[in-house]
Amino acid sequence: MSVITTISTWLIPSLILFVLLVATWKKLPTYELFVEGGKEGVKMAVSLLPFLLGMIVSIAILRSSGALEAMIQFISPLLSLFGVPSEIVPLALVRPISGTAALGMTTELIQTYGPDSFIGRLASTMQGSTDTTLYILTVYFGAVGIRRMGDALKVGLIADLIGIIASIVIVTIVFST
Amino acid sequence: MVNIIWASMAILGIVYAMFNGTMEEVNKALFESADEAVMLSIGLISVLVFWLGLMKVAEKAGLLRILTKMFRPFVSRLFPDIPKDHPAMGYILSNITANLFGLGNAATPMGIKAMEQMKELSQSDHASRSMITFLAINTSSVTLIPTTVIAIRMKYESGAPTEIVGTTIIATFISSLGAIIVDRIFYYRRVRKTKR
């Protein structure tokens, strides 16, 4: 564990050091370039705001009304038929939609069942192995003004499904003793 | 498609609240989440400014070009419609690298830059082939070390907080590979459709 922690704390400062050393050696105006690049960041964040706000509010309505919960309750038995543990179903369904909700669920599952239980390990693997598809599409397409997403959403959701199935199969194989 | 999903999430929620007496919760969540979204966007400013600033320096110092050269055979196969020395390649690679090392907040600005460059190439508001491939890789997440999950496991006193690193890497590898394959299948389907 300590090795991984050390690597991740050293990574960013070392990267900055490396970039600045090379740029200074090449006699580039480092500070001016940094400011120039950073200015784009401010514009980007502002232009992202409406996209994020719209999506987050819509998800919040679905969650707070209890409709999301009801949908999960409805789908759970169906997925259990295919051998998906019912405790994990809500997480699997929420993972592509809301990152914060999924993280909350993972924490709760780990707390309830223990980090070293089957459910705890499965939740950990699932949380780590896929990303919030809806958020990524909103941010990336929103930031550059793409209106027609094409097959991106379908591809992303199918990839999520593959990730969920893979997590279940792998955790079952690796930790079943 | 995104319009339908966006509207139906809100419509479903409001209609459900009508019949289940949760309208008060919806009302509260409405403005709390709007607040939360603004905070999130403002929080993004620091990350975006820092990483885009540093990346500008790295780009001008020629570091992105070196990164692109190193992985050219691999990425040019994944993104056949991006010219080999185009800056988009450099940003795509930095995004993937940042994701690999679990630097989620560095990955986003670089990903947005990559999208910008790809948009310049395609000159349209439709998602291009390479954009869809790029997003497929991003949504399936290519993390090597899931730092957040490890932190949660440590907090709840796991006997081996990092034991899930192996399973996560395998699962992530399979889902990324799956994403690339699914993306290709959809691409060839599109090509066939337009030919007909």
Side-chain angles (χ1 to χ4, degrees), chain A residues 1 4 11 19 22-23 26 28 30 33-34 36-38 40-42 44-45 48-49 52-53 56-58 60-62 64-67 107 110-111 115-116 121 124-125 127-131 133 136 140 143-144 146-153 155-156 158-159 162-163 166-167 170-171 174, chain B residues 1-2 6 9-10 12-13 16-17 20 22 25-26 29 33-34 37 40-41 44-45 48-49 52-54 56-58 60-61 101 111-112 115-116 119 125-127 132 135-136 138-141 143 145-146 149 152-153 156 158-159 162 164 167-168 170-172 174-175 178-179 182-183 186:
Chain A
M1 186 59 219
I4 293 169
L11 202 60
V19 170
V22 175
K26 290 194 171 173
L28 290 171
T30 46
L33 282 174
F34 180 86
E36 193 192 317
E40 285 176 46
V42 181
M44 231 180 239
L48 269 178
L49 201 154
L52 278 174
L53 195 143
I56 288 175
V57 169
S58 184
I61 294 172
L62 191 70
S64 62
S65 67
T107 313
I110 288 176
Q111 192 182 8
D116 301 325
R121 285 163 170 160
S124 307
T125 304
Q127 174 72 31
S129 67
T130 57
D131 215 324
T133 299
I136 290 182
Y140 284 5
V144 296
I146 294 292
R147 281 185 188 81
R148 299 256 156 243
M149 288 192 183
D151 293 327
L153 186 68
V155 174
I158 294 172
I162 295 171
S167 301
I170 291 157
V171 172
V174 172
Chain B
M1 183 117 173
V2 76
W6 184 72
M9 283 195 300
L12 254 166
Y16 188 88
N20 290 276
T22 45
E25 282 87 337
V26 171
S33 64
L40 184 68
S41 304
L44 270 177
I45 294 180
L48 286 170
V49 170
L52 291 180
L54 191 70
K56 190 84 181 179
V57 182
K60 287 281 187 261
F101 288 106
I112 295 174
M115 291 291 285
E116 239 174 48
K119 200 192 175 190
D125 63 354
H126 287 236
I132 298 175
L135 285 180
N138 258 283
T139 56
S140 66
S141 152
T143 325
I145 302 156
V149 174
I152 297 171
R153 293 175 60 81
Y156 292 104
S158 165
T162 52
I164 46 86
T167 51
T168 305
I170 303 171
T172 233
I174 293 174
S175 75
V182 172
D183 170 58
F186 273 97

Tell me which of these, [options], has more heavy-atom pairs under 4.5 Å with chain A than the rest.
options: Thr22(B), Leu54(B), Thr139(B), Asp183(B); result: Thr139(B)
options: Asn20(B), Ile45(B), Leu135(B); result: Leu135(B)
options: Ala34(B), Ser158(B), Ser175(B); result: Ser158(B)
options: Leu40(B), Ile112(B), Ile174(B); result: Ile112(B)
options: Gly159(B), Ala136(B), Ala17(B), Gly13(B); result: Gly13(B)

Item to complete: Report yes if some heavy atom in the side chain of Asp116(A) is under 4.5 Å from a heavy atom in the side chain of Arg153(B); otherwise report no.
Response: yes
Worksheet item: Is there side-chain contact between Tyr156(B) and Thr107(A), with heavy atoms separated by less than 4.5 Å?
Response: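 When only atoms from C-beta onward are counted, Thr107(A) and Tyr156(B) do touch, with a gap below 4.5 Å.
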To the closest 0.5 Å, what do you measure between [atom1] ([X]) and [atom2] ([Y])?
X: Met44(A); Y: Glu116(B); atom1: CE; atom2: CD; result: 4.5 Å
X: Ile61(A); Y: Ser33(B); atom1: CD1; atom2: OG; result: 7.0 Å
X: Leu62(A); Y: Leu12(B); atom1: CG; atom2: CG; result: 6.5 Å
X: Lys60(B); Y: Leu33(A); atom1: NZ; atom2: CG; result: 6.5 Å

Practice prompt. Identify, with sequence neighbours excluded, every residue that meets side chain to side chain donor-acceptor pair (under 3.5 Å) alongside Thr167(B).
Written response: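 Listed in chain order: Thr125(A).
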Worksheet entry | With Ser65(A) via side chain to side chain donor-acceptor pair (under 3.5 Å) - residues at least two apart | none
Whether [X] side chain and [Y] backbone form a donor-acceptor pair below 3.5 Å:
X: Thr172(B); Y: Ser129(A); answer: yes
X: Arg147(A); Y: Asp125(B); answer: no
X: Ser124(A); Y: Val149(B); answer: no

Fill in: Largest heavy-atom contact set with chain B, pairs under 4.5 Å, which of Ile158(A), Ile146(A), Ile170(A)
Ile146(A)
Fill in: Among the listed options Ser167(A), Gly163(A), Ala23(A), Gly38(A), the residue most often paired with chain B at heavy-atom distances under 4.5 Å
Gly38(A)
Worksheet item: Looking only at heavy atoms, which two atoms of Ser58(A) and Trp6(B) are closest? And how far apart?
Response: OG-O, 2.8 Å
Worksheet entry | Heavy-atom pair of closest approach, residues Ser41(B) and Leu52(A) | OG-CD1, 3.7 Å
Worksheet item: Contact part of Lys119(B) toward chain A, heavy-atom cut-off under 4.5 Å: side chain, backbone, both or neither?
Response: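 For Lys119(B), side-chain heavy atoms alone lie under 4.5 Å from chain A.
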